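Each chain gets a letter, A, B and so on, in the order the sequences are listed, and its residues count up from 1. Please read these numbers as outputs of a predicted model, since none were measured by experiment.
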2 protein chains.
Amino acid sequence: MDYTGMQSESKSNEPNTLVDKIEADLLDYFNTHRLKAGDAIPKEVELATQLGVSRTVIREAMLRLRTRGLIESKKKRGTIITYPDPLALLEKSMYPGILNDETLRDIFELRMVLEIGMGDLLFERITQADIDELYAIVADEPINTQEMVFDADQEVRFHGKLYDITGNETLRRFQRMLLPIFKYVHESGLLKKPIQHKKFVSHRGLVDVLQHGNPETFRNAMRNHFENHFQRLF
Amino acid sequence: MDYTGMQSESKSNEPNTLVDKIEADLLDYFNTHRLKAGDAIPKEVELATQLGVSRTVIREAMLRLRTRGLIESKKKRGTIITYPDPLALLEKSMYPGILNDETLRDIFELRMVLEIGMGDLLFERITQADIDELYAIVADEPINTQEMVFDADQEVRFHGKLYDITGNETLRRFQRMLLPIFKYVHESGLLKKPIQHKKFVSHRGLVDVLQHGNPETFRNAMRNHFENHFQRLF
DNA sequence: AAAATTATTATGTTATACTTAATAATCAAA
DNA sequence: TTTGATTATTAAGTATAACATAATAATTTT
């Protein structure tokens, strides 16, 4: 376990403020004392005297670690090391409105990369029950594949189910976290070019591929499914 | 821009502590005052009196927001709203040693999904100069593709260059952030099954595909390139 | 008008005291 | 002796007040 090599709060690596330094010192302390999840750390006053700094600074430094999910504090019990949940943090910062356009576009691309690339995971783990469920979700989808209908609700249910099937919890949470961003990108004017009403693989088509195809055919189908989005991004 | 709907520090949604409440109040304040990146927020003492709470609480609440990159403080200038950088946070929490095995495995899968799925981005943006550079990187790779040599350094250079080519900064940073984790997974005993010395697409083979192939052939080649890892994970 | 000096300001830091919720210790009842 | 209620203790949470520091603005000097 290596807590070192972390950056300070400020962009530059030099610890500008005292809290920066103490924060690093604390991580250092965890390291040298070989502390792992569940272990308790000294109480605030002790750390304050031990590191020769006020309790306020200790608290502020510890608050940062707590915000990042590295420690947890309870009254009387003191503070303990915890398994951090990196994605939980990310979720809290994902306010689409305050991300700049470039980042939004990047994330939208990221989604497409993920869903095209997840073919192997899907075929490795999908069950007939999953396929049936997918068919149920797309049941109300219009047959006419020429028409680009965008039902946000079904969109979420369908693609969400795909993430579920991968059995990869990290991937799943990633998707849940990115959902509001996709929604935002669709609603904002970021996707400049108009929708091209050309032939594309429908949700139903994707399920058919999952039923009868293989990872390779799925990747191509998903690529085609996203054709419209690609055209509008590039 | 909607800052609401966020969770408090504690797992449960109810604000247990005063700081939790004030943190929410602050985000609420940003919302109702339609504050966007660059805008200044009232100084600490003002907020303290205005929200009827001590400056300590204000500072702790603001520190949380600052840790998440939502605000930035400078002496004399006060505090301003900023464009948060979600990934910066994530980077700080990515200590492989304190992530549990399941998460590590998930992330390793995630990498494969990303690199298989990035074919379209690559072909959309790759230049001849990029291809030349890739050929230079793999120049010292042994011709014998039967042999699974694992040069960690070259591995990083080669795959890192691929991420660069996508031109997707978010993706790129994602990779840099995940690097130590891949390294850790390789070194730990997580990849149980032994390496299968079967035929696989080499780095050089991938460059050839980038030179003469298309997104589809690239995805298949990359899938094959990862064959060993897949076999060891499933 | 430009440069050097001083004053001001808002965050950063310290110190101290008080509040609160969770745990431990104590004691009374069965 | 065990059980249950009561009290004490502890460590984090909160509140004030004061000082330090660096960045800016205002002033003076050249």
J.: Between Lys76(A) (NZ) and dA12(D) (C1'), how many Å, whole number?
T.: 11 Å
J.: Whole angstrom is fine here: how far is it from CD1 in Ile80(A) over to C1' in dA11(D)?
T.: 14 Å
J.: Taking only side-chain N and O atoms of Arg77(B), does any of them lie within less than 4.0 angstrom of OP1 or OP2 on dA23(D)?
T.: no
J.: Over how many whole Å does the gap from Glu46(A) atom CD to dA11(D) atom P extend?
T.: 8 Å
J.: Nearest whole Å is fine: how far is dA11(D) P from Glu72(A) CD?
T.: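 To the nearest whole Å, that distance equals 18 Å.
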J.: Determine whether Glu155(B) and His203(B) make a side-chain contact, defined as any pair of heavy atoms from C-beta on separated by less than 4.5 Å.
T.: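 Sidechains of His203(B) and Glu155(B): in contact.
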J.: Only one of Ile81(B), Leu26(B), Leu65(B) passes side chain to side chain contact (heavy atoms under 4.5 Å, CB included) with Ile41(B); say which it is.
T.: Ile81(B)
J.: I'd like to know whether the aromatic ring centres of Tyr163(B) and His159(B) sit less than 6.0 Å apart in this structure.
T.: no
J.: Please find out if less than 6.0 Å separates the ring center of Phe226(A) from that of Phe108(A).
T.: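 Between Phe108(A) and Phe226(A), which both carry aromatic rings, the centre distance is not below 6.0 Å.
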J.: Using a cut-off of 4.0 Å between protein heavy atoms and nucleotide atoms, how would you tag nucleotides 13-18 of chain D 5' to 3' with B, S and -?
T.: BBBB-B
J.: Mind calculating the distance between CG (Leu51(A)) and P (dT14(C)) to the nearest angstrom?
T.: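 These atoms are roughly 11 Å apart.
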J.: Take atom CE of Met62(A) and atom P of dA11(D), then tell me their distance rounded to the nearest Å.
T.: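 It works out to 13 Å between those atoms.
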J.: Specify the separation, in whole Å, of atom NZ of Lys43(B) and atom P of dA22(D).
T.: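 The answer, rounded to whole Å, is 21 Å.
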J.: Mind listing the closest non-hydrogen atom pair of Gly167(A) and Arg172(A) along with its distance?
T.: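 The pair with the smallest heavy-atom distance is CA-NH1, 4.3 Å.
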J.: Could you please spell out the steps behind the salt bridge (charged side-chain N to carboxylate O under 4.0 Å, His left out) verdict for Arg125(A) and Asp120(A)?
T.: CA-CA 9 Å; Arg125(A) 290 162 189 171; Asp120(A) 284 281; over 6 Å; no
